[in-house]
Amino acid sequence: MNLIANFAVLASRRTIFDLPVCDLGWDDALVFINELASIPVGQTVVCFVNAHNMLTALRDDEYYRIMSHNLVLPDGIGLNIASQIAHGSPFPANLNGTDFVPAFLTFMEAPRRIGLVGGTRSVVEAAAENFRKHTPWHEFVVISDGYFDKDDPSLVIEELERQKVDILIVGMGTPLQEKWVHDHIRADHARLVLTVGALFDFVSGAVPRAPKTVRMMRMEWAYRLIQEPARLWRRYIIGIPVFLYHVLRYRFQRRERILSHPEEHPTVLQPPSSHKKAS
C-alpha cells in the first residue's frame with residue numbers, strides 16, 4: 001500500500017468488523033477525496049460498502065484484505081445500524097456511490113479526464129453521455145464495457161494506458177471490481193479509482209432510482225427489492241437479518257477477541273476471529 005492510500009485509510013476512524021470505514025460528513029468527504037485526486041503521486045481506491053458487501057468480506061479473506069487498503073465509504077442503513085451498535089452513533093452521512101459520485105464530479109472544479117470501465121457497452125456509453133451533460137467541464141472516456149476477459153485484460157489495460165486518465169470509475173460488481181482494480185490498476189493508470197457497482201445502470205437510466213421521498217426515508221433497498229425480487233430477495237430478506245446477527249455477535253465477542261489475540265490489534269488489520277465461521 002502506498003503512502004497516499006495509507007493516508008486515506010488513516011482518515012477513517014470508525015471500524016465495522018475491524019475494517020476502517022470513513023466517518024466523515026458529506027461535505028468533508030467531498031473535500032477530502034478532491035484533495036486526494038489532486039495529489040500528483042500515489043493512488044487511492046475508493047469503494048462503497050453496504051451490509052451485503054460486509055457479509056461478503058466476512059466470507060472472503062482476499063476481499064477483506066483488499067478493502068483494508070482502500071478508502072471505504074459507508075452505504076446504507078445497515079452500516080448505520082452497525083455503527084450505532086459498535087460505536088454508539090450512526091455514521092455522519094450515507095455516502096452511497098449512486099449519490100456521492102455525481103456530487104463529487106460536480107464538486108471537482110478542475111477539469112479532469114475520467115475513464116469508465118463496466119456495464120454493457122450501451123449502458124456505459126449512455127452513462128458517459130449523461131455524465132458529460134451533468135459535468136461538461138470534465139472529459140469522460142469509455143475505456144471498456146465490463147464483459148472483457150478478466151483473466152487476460154491486456155487490451156483494456158493498453159487502452160487505459162493510451163487514454164491517460166486522471167480518474168478511473170469501475171462498475172463491475174463487488175467483489176470482482178475491487179479485486180480486479182487491486183490486481184491490474186497501477187498509480188500511473190489513475191491516481192484516483194472509484195469502484196461503484198451498479199452506478200452506470202442508474203446514471204444511464206437503464207435501472208430507475210427510487211423516488212426521492214423513498215431515498216430520504218432510507219428505504220431504497222425496499223424499492224430495489226420490489227423492482228428486482230428474483231435477483232435481490234436473498235440479499236435483503238436473508239442478508240439483512242444475517243448481517244445484524246453478525247454485528248451483535250461481533251459486538252459481544254470483541255473484547256474477548258482482543259484479549260485472546262492481542263497481536264491482531266491494532267497495528268495489523270485482520271479479519272475477525274469469527275471470520276471462518278461466517279461462511
According to a hydrophobic-cluster definition based on side-chain heavy atoms being under 4.5 Å apart (Ile, Leu, Val, Met, Phe, Trp, Tyr only), do [X] and [Y] belong together?
{"X": "V124", "Y": "F202", "result": "no"}
{"X": "I39", "Y": "I33", "result": "yes"}
{"X": "F131", "Y": "V142", "result": "yes"}
{"X": "L105", "Y": "W137", "result": "no"}
{"X": "V31", "Y": "L24", "result": "yes"}

For this session: Check whether any side-chain heavy atom of I16 lies under 4.5 Å from a side-chain heavy atom of F91, and answer yes or no.
Result: yes
Exercise. Do you see a donor-acceptor pair shorter than 3.5 Å between the side chains of Y250 and D18?
Worked result: yes
Exercise. Any side-chain donor-acceptor pair under 3.5 Å between R191 and T44?
Worked result: no
For this session: For the pair H69 and H182, name the ring-plane relationship: parallel under 30°, tilted 30 to 60°, perpendicular over 60°.
Result: parallel
Exercise. How are the rings of F140 and H138 set to each other: parallel, tilted or perpendicular (split at 30° and 60°)?
Worked result: perpendicular
For this session: May I ask you to check whether F148 and W180 place their ring centres under 6.0 Å from each other?
Result: yes
How many angstroms lie between [atom1] in [X] and [atom2] in [Y], if you round to the nearest 0.5 Å?
{"X": "T174", "Y": "F48", "atom1": "OG1", "atom2": "CZ", "result": "10.5 Å"}
{"X": "F100", "Y": "W26", "atom1": "CZ", "atom2": "CH2", "result": "6.5 Å"}
{"X": "S89", "Y": "N80", "atom1": "OG", "atom2": "CG", "result": "9.0 Å"}

Would you say the side-chain atoms of [X] pair up with the backbone N or O of [Y], donor to acceptor, closer than 3.5 Å?
{"X": "H134", "Y": "E129", "value": "no"}
{"X": "S204", "Y": "F200", "value": "yes"}
{"X": "Q43", "Y": "A190", "value": "yes"}
{"X": "K164", "Y": "L160", "value": "no"}
{"X": "D149", "Y": "D151", "value": "yes"}
{"X": "N53", "Y": "N50", "value": "yes"}
{"X": "R14", "Y": "P90", "value": "yes"}
{"X": "Q177", "Y": "G173", "value": "yes"}
{"X": "S68", "Y": "R65", "value": "yes"}
{"X": "N94", "Y": "G76", "value": "yes"}

Taking 4.0 angstrom as the limit, do [X] and [Y] come out as a salt bridge?
{"X": "E158", "Y": "R162", "value": "no"}
{"X": "D60", "Y": "K179", "value": "yes"}
{"X": "E161", "Y": "R186", "value": "yes"}

Exercise. For the side chain to side chain contact (heavy atoms under 4.5 Å, CB included) test, which of T106, L199, V46 pairs with V101?
Worked result: L199
Seminar exercise, completed: Here the pair of heavy atoms bringing S38 nearest to R112 is OG-NH2, 3.1 Å
Exercise. Considering all heavy atoms of both residues, which atom of F107 and which atom of L30 are nearest to each other, and what is their separation?
Worked result: CE2-O, 3.6 Å
Exercise. Distance under 6.0 Å and angle within 45° of the ring axis: does R121 meet both against Y147?
Worked result: no
